[in-house]
Amino acid sequence: MQAYRVTTADGIDAIEQVVMDTPTPASDEILVKMKACSLNYRDMLITMGGYVRNDVRPIVPLSDGAGEVVSVGSEVTNFALGDRVIGNFFQAWKKGKIDDEGLNSAMGGSIDGVLAEYFILKADCSVKIPDYLSYAEAATLPCAATTAWHALVSVGELKPNDTVLLLGTGGVSIFGLQIAKALGAKTIITSSSDEKLARAKELGADFTVNYSTHPNWEEEVLKITHGKGVDNVLEVGGAGTFEKSSACVKPNGTLSLIGILTGLESPPISLMTIFNLLRIQGIYVGSTAMLEQLVSTMEAHQIHPEIDKSFPFSKAIDAYHWMAQAKHFGKIVIESEG
Ligand SMILES: NC(=O)c1ccc[n+]([C@@H]2O[C@H](COP(=O)([O-])OP(=O)(O)OC[C@H]3O[C@@H](n4cnc5c(N)ncnc54)[C@H](OP(=O)(O)O)[C@@H]3O)[C@@H](O)[C@H]2O)c1
């Protein structure tokens with residue numbers, strides 16, 4: 001089969017296109033013919049080396065794939081040939097708290113991912129795609145959407161009328177916006193682009209702040225909330241945004257620590273954490289149970305993921321370059337040509 005492989009830490013252009021043996025599923029696994037996959041910021045970092053965890057090389061990249069089941073292991077009972085399927089980001093995290101085995105099962109990081117004509121999934125860490133979603137749409141869910149669900153619902157225990165702050169208009173934040181709105185929360189979203197903020201409004205964002213024209217954007221967020229602050233912030237910026245994000249959270253609120261868009265340094269802990277009794281919750285994608293809950297909620301609300309642009313499999317490297325430019329809104333997908 002045709003596949004891509006990350007073998008060095010020399011960046012996007014060093015990703016190789018290779019011919020590999022099509023894998024054979026073990027008794028508890030399924031073989032999936034890839035129809036679509038999606039990119040996450042992490043996939044770009046992995047090509048450069050120094051990613052904090054699950055940075056094995058050589059590896060078939062990308063965690064997020066959707067496809068059709070073409071072979072099933074002898075013990076598999078929950079999938080049949082022809083089923084439409086997505087795999088959980090962690091292939092050994094079914095439910096509850098994650099353990100070491102789970103942490104070492106990240107697709108496209110510690111085990112081979114989905115940027116190939118075929119990929120293997122554990123049957124019990126896979127989820128059927130609801131009919132209303134296309135393969136491309138379904139391929140956006142395993143990492144970014146599950147992360148937003150984990151932060152907002154699984155640990156954030158989001159309630160109607162809570163206020164949620166979302167930073168930027170990338171994959172995690174746009175799913176955060178869509179989930180929060182569907183569950184009745186108020187949303188504030190930031191962006192460097194007024195055009196992207198207008199699109200966020202169309203998706204239901206209640207308030208928008210341009211963080212380029214308002215470098216002290218935390219003051220704008222506090223104004224919007226009449227000085228009270230938000231219940232939960234999906235903190236995808238890291239060291240460069242953490243202190244401002246902390247200032248936006250109301251007493252007893254939650255700061256969901258997710259991302260490192262401003263760099264790999266550790267964020268400084270703000271003293272507001274103490275004096276506003278904040279909860280800082282580390283989020284690392286989610287369990288298969290969380291992905292299942294997300295998918296059924298999306299189906300109930302008929303939420304369609306925001307796909308910015310689709311690239312054919314043969315132009316996968318162009319998809320990485322498009323992500324690196326950060327012009328996208330929501331998700332970037334790669335679709336099979338066969
Ligand atoms: N912990 C986890 O499990 C987990 C899971 C998924 C992602 N992540 C992390 O979360 C982050 C976001 O991932 P993603 O895949 O959603 O990324 P993405 O789609 O590449 O998001 C890119 C967007 O982020 C916004 N951005 C960049 N710098 C910003 C800043 N200083 N302040 C506010 N917004 C900024 C920009 O939006 P505008 O153009 O609108 O300004 C940019 O277009 C990454 O660091 C990723 O590694 C972590």
Side-chain angles (χ1 to χ4, degrees), residues 38-48 50-55 62-64 88-90 93 98 102-103 106-109 140-151 154-155 165-178 188-201 203 205 208-215 217-218 221 233-245 248 256-265 267 281-287 290-291 305-309 319-333:
S38 85
L39 270 179
N40 292 284
Y41 190 81
R42 159 260 197 191
D43 300 312
M44 211 168 53
L45 294 180
I46 277 178
T47 70
M48 299 167 197
Y51 194 65
V52 182
R53 197 172 192 130
N54 293 319
D55 195 21
L62 305 195
S63 55
D64 291 10
N88 194 47
F89 178 96
F90 288 113
W93 188 12
I98 198 163
L103 276 170
M107 299 271 288
T140 65
L141 303 181
C143 180
T146 307
T147 300
W149 178 266
H150 186 172
S154 308
V155 305
L165 173 62
L166 305 147
L167 305 185
T169 58
V172 173
S173 299
I174 294 300
F175 275 122
L177 170 65
Q178 291 179 295
I188 305 170
I189 188 163
T190 72
S191 175
S192 56
S193 149
D194 285 339
E195 193 191 330
K196 288 183 177 183
L197 288 174
R199 286 183 69 182
K201 276 254 180 205
L203 279 181
T208 60
V209 179
N210 185 318
Y211 66 82
S212 290
T213 52
H214 293 93
W217 47 268
E218 75 282 14
V221 172
V233 51
L234 303 201
E235 203 339 293
V236 291
T241 52
F242 183 83
E243 195 142 13
K244 288 176 186 288
S245 290
C248 293
S256 303
L257 201 49
I258 295 173
I260 44 180
L261 284 167
T262 61
L264 283 168
E265 302 82 39
Q281 174 69 54
I283 301 289
Y284 195 9
V285 198
S287 65
M290 291 176 199
L291 175 59
E306 281 295 304
I307 294 178
D308 176 84
K309 201 164 177 169
Y320 276 83
H321 282 294
W322 182 244
M323 172 161 260
Q325 291 179 52
K327 289 185 183 152
H328 62 284
F329 180 95
K331 296 297 295 179
I332 298 166
V333 300

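Quick caveat, the model's predicted, so the values are computed rather than measured. As the structure lists them, so they are numbered: ligands from 1, and atoms in each ligand from 1.
The minimum heavy-atom distance linking Val285 with His150 is given by the pair O-ND1, 2.6 Å.
For ligand 1, the atoms lying closer than 4.0 Å to a non-hydrogen atom of Ser192 are 38 (P), 39 (O), 40 (O), 41 (O). Close contacts of ligand 1 with Cys143, meaning ligand atoms under 4.0 Å from a residue heavy atom, involve 5 (C), 6 (C). Atom numbering of ligand 1 starts at 1 in the shown order; those under 4.0 Å from a heavy atom of Thr262 are 31 (N). Interface atoms of ligand 1 facing Ile283, defined by a heavy-atom separation under 4.0 Å, are 1 (N), 2 (C), 3 (O). Ligand-side atoms of ligand 1 in range of Ser191: 38 (P), 40 (O), 41 (O), range being under 4.0 angstrom from any heavy atom. Atoms of ligand 1 found under 4.0 Å from any heavy atom of Met323 (numbered from 1 in listed order, with element): 19 (O), 20 (O).
Comparing Phe175, Phe89, Tyr211, Tyr41 against atom 32 (N) of ligand 1, the shortest heavy-atom distance belongs to Tyr211. Counting only non-hydrogen atoms, the option in Leu261, Val172, Val285 that gets closest to atom 27 (C) of ligand 1 is Leu261.
Counting only heavy atoms from C-beta outward, the side chains of Leu103 and Tyr284 approach each other to under 4.5 Å. A heavy-atom distance below 4.5 Å is found between the side chains of Leu167 and Ser245. For the pair Thr241 and Trp217, the minimum side-chain heavy-atom distance is below 4.5 Å. Contact annotation: the side chain of Tyr320 never approaches that of Ile332 to less than 4.5 Å [non-hydrogen atoms, C-beta and beyond]. A 4.5 Å side-chain heavy-atom check between Asp55 and Ile46 finds at least one atom pair inside the cut-off.
Counting protein heavy atoms only, atom 4 (C) of ligand 1 is closest to Ile258 CG2, 3.6 Å. If you check which protein heavy atom lies closest to atom 21 (O) of ligand 1, you get Gly170 CA, 3.3 Å. Considering only non-hydrogen protein atoms, atom 18 (P) of ligand 1 sits nearest to His328 NE2, 3.4 Å. Looking only at heavy atoms of the protein, atom 37 (O) of ligand 1 is closest to Thr169 N, 3.3 Å. The closest protein non-hydrogen atom to atom 9 (C) of ligand 1 is Gly259 CA, 3.5 Å. In terms of protein heavy-atom proximity, atom 39 (O) of ligand 1 is nearest to Lys196 NZ, 2.7 Å. Of all protein heavy atoms, the one closest to atom 5 (C) of ligand 1 is Thr147 OG1, 3.1 Å. Considering only non-hydrogen protein atoms, atom 43 (O) of ligand 1 sits nearest to Ala326 O, 3.3 Å.
Side-chain N or O atoms of Thr190 include none that pairs as donor or acceptor with a backbone N or O of Asn210 at under 3.5 Å. Of the possible polar contacts, one joining the Lys331 side chain to the Leu39 backbone as a donor-acceptor pair under 3.5 Å is found.
Under the rule for a side chain to side chain contact (heavy atoms under 4.5 Å, CB included), the partners of Ile307 that lie at least two apart in sequence or sit in another chain are Ala136, Glu137, Thr140, Val333.
Residue Ile260 has at least one nitrogen or oxygen atom sitting less than 3.5 Å from a nitrogen or oxygen atom of ligand 1, judged on distance alone. Checking only distances, Leu257 never comes within under 3.5 Å of ligand 1, N or O to N or O.
Counting heavy atoms of neighbouring residues, nucleotides and ligands inside a 6.0 Å radius, atom CD of Glu195 does not exceed 12 of them.
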What side-chain donor-acceptor pairs closer than 3.5 Å can you find for residues 256-264, not counting sequence neighbours?
{"from": "Ser256", "atom 1": "OG", "to": "Asn232", "atom 2": "OD1", "distance (Å)": "2.8"}
{"from": "Thr262", "atom 1": "OG1", "to": "Gly237", "atom 2": "O", "distance (Å)": "2.7"}
{"from": "Thr262", "atom 1": "OG1", "to": "Gly240", "atom 2": "N", "distance (Å)": "2.8"}

